[in-house]
Every structure is written in structure tokens, then in C-alpha cells.
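Only heavy atoms go into these numbers, but all of them, side chains included; no hydrogens, no water, no symmetry mates. The chains referred to below are lettered A, B, ... by the order of the sequence lines, with proteins before strands, and numbering in each begins at 1.
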Amino acid sequence: MSALALVAVLGAFAACASKPKPTLEQRAEAEMQAFKAQVRKTVTDPARADRLVAAVDECERIVRQAASMAQDYRTKVQALDADYSATRAEYAALFRQQGAQRAALIQQALALRGQITTLTTNSEWEQLKQARLSALEELLGVVSTP
Amino acid sequence: MLIATLTALYLLFWSSSSAPLLSNLDQTEKLIKANVENDARRERALQIVGRMKDVHKAYWTQRGTVSKSLAALLETRATQPSALEAALNPLLADSDRMRDQLVDLRFQLKSVLTASEWAAVFRPPKVAPSAGGKVKFARRRTEGWRS
């Protein structure tokens, strides 16, 4: 390897090493923007594309709300677990509250998926269904595993 | 569309009630061994944690099956919301049963430990529960037994 090539390789390596790794939030935002661009490229009817992009935004909102709900519930369970005098009635009240929140979010998620299927053709659905929003999936994975 | 993301979302619905009760059982076991001096009570407490671990294993087995079945339903464009709901409801009921089983075991454990032993084994959360707010994209820290 020539000296010049070696300098170039070392320079590239140094640039990589000094570049900060994007946060999960930054990755999520970048993925959402890229996916919305993919939606507009796939769905050529601008009116349907607009509605699908709005549905994607709604999907993100539901994901964040579900993750927030799960995290808050986890903290409340942990507080009851740590309390020696906690009663079954207190657990039952927490479970009722969590169940109601979960049911409401499920209805929103079902409606959203129904809306997305209505807004896409078979061919568009096939093209878009494999898209990955790994940052959102990571967030959901963090709060759904013990 | 977004099948993996939607599957992760529905999997969260499935797991959200029981998963928080299953964390850090190894740590619980370790703290019981370190803090419960009475042999008989310590053994009894460890047996109960062992049963919690059995539920943990069942959770992971079921999680894999549930994930596959939800993904299959979600990726089929023709699946109607009512069909999805009908498939999801029994899964949620199973998860809630698992949760109730864990709470029963929690109260069995309480009957074996003293208040001071309990305080040494189970730590309160460092962050107070909130009513909502924006999700922070930070990996959850594991602390205490079921953090």
C-alpha cells in the first residue's frame, strides 16, 4: 500500500471514529422520513399518498403512546412489588387501568391498519409491507420484554 | 406495510400486562440467598421464585408463537380488523392469566419473607410513575428484581 493510500485509509478511519453514533430518536426520525418518501414514490396518486403519510404519522404516535403506557405501567408494578404492604386490590386497580388503556390503544391500532389497507392497492401493499422501522421496533422490544 | 413494526406493537399489547412481573428473577434469587438467613424460609422462597421462572420460560415460548401468528395475520391485506381482534383477544386473556399467576406467587412469597427481608430484596423504582409524556428513547435499566 502506498503512503498516500495509507493516509487516506487512516483519515477515513479517524473520521468514522470521531463521528458520533446517531441516537435511537435520531434514527427513528430518519427512518420515518425515508419511509414517507418511499410511500410517496410507491403511491403515485398524491391524494392517497397524503392520507397514507398521515396514517404513518398516526402509526408513530400510537407506537410512542403504547411504549409510554407500557413503561409507566412497568414503573407502577415495580412500585407495588417493592411495597410489602401492597394489597391485591391495589394490583387489581392497576390492572384495570392498564387493561382500559390497552383496549383503547388496540382499537386505535386496528382502525389504523384498516385505514392503511383501504388506502393501498394489492401491489402497493406488497411493496410497502416489508418496510422496516427498526428504531420503533427497538423501542417496542425494550418495553415488551421482561 | 410495516408488518414488523405492527407485529412489535401488537406483541407489546400481548406482553404488556405480564412482562413487568418477570424481570430480573436471577437477581431476586441472589438477593434472597444473601438476605434470608432462616434455611427453611429461604428454601421456600427460592421454590416460589423457581415457579416464577417456570412462568418466565412459558412466556418466552408463547411469545415466539404469538409473534408468528400475529405477523401472519397482519401481513395479509385481506385480514379484517374484526378477525384480528378475534385472534388477539384470547392471546390477551392468556397473558392476563399469566400476570395473575405471578401476582399469586408474589403474595405467596410475601407470606414467607419478613418486611425487612422484603425491603432488602425488592427495590422501589428510581423514577416515579408518570401520567404520560413523550417516550424517551433510552434502554431500560435493570435494577432490583422486577425492574
Of B:Thr79, B:Asp100, B:Leu88, B:Thr7, the largest count of non-hydrogen pairs under 4.5 angstrom with chain A goes to B:Thr79
For the interface with chain A, which of B:Ala119, B:Ser15, B:Ser18 has the highest count of heavy-atom pairs at distances below 4.5 Å? B:Ser15
Do A:Gln98 and B:Ser16 meet the criterion of a side-chain donor-acceptor pair at a distance under 3.5 Å?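 Yes, side-chain donor-acceptor contact under 3.5 Å.
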Determine whether the side chains of A:Gln107 and B:Glu85 contain a donor N or O and an acceptor N or O closer than 3.5 Å.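 Note: A:Gln107 and B:Glu85 side chains meet the donor-acceptor criterion.
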Decide yes or no for [X] and [Y]: does some side-chain heavy atom of the first lie under 4.5 Å from some side-chain heavy atom of the second?
{"X": "B:Arg106", "Y": "A:Leu80", "result": "no"}
{"X": "B:Thr5", "Y": "A:Arg132", "result": "no"}
{"X": "A:Leu110", "Y": "B:Tyr10", "result": "yes"}
{"X": "A:Tyr73", "Y": "B:Ser17", "result": "yes"}
{"X": "B:Leu9", "Y": "A:Ile62", "result": "yes"}
{"X": "A:Arg74", "Y": "B:Ser23", "result": "yes"}
{"X": "B:Phe122", "Y": "A:Asp83", "result": "no"}

Go through the steps for B:Asp96 and A:Arg102 under the test salt bridge (Lys or Arg N to Asp or Glu O under 4.0 Å), then give the verdict. CA-CA 12 Å; B:Asp96 289 350; A:Arg102 183 179 68 180; 3.0 Å; yes
Pick one of side chain, backbone, both or neither for B:Asp104, based on which atoms fall under 4.5 Å of a heavy atom in chain A. both
Is the distance between the ring centroids of A:Tyr91 and B:Phe107 under 6.0 Å? yes
Given A:Pro146, which partner from the list B:Leu22, B:Leu25, B:Leu21 fulfils the side-chain contact (heavy atoms from CB on, under 4.5 Å) test? B:Leu22
Which one, A:Ala111, A:Ala86, A:Ala92, A:Ala103, leads in non-hydrogen pairs under 4.5 Å with chain B?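 Option with the top pair count is A:Ala86.
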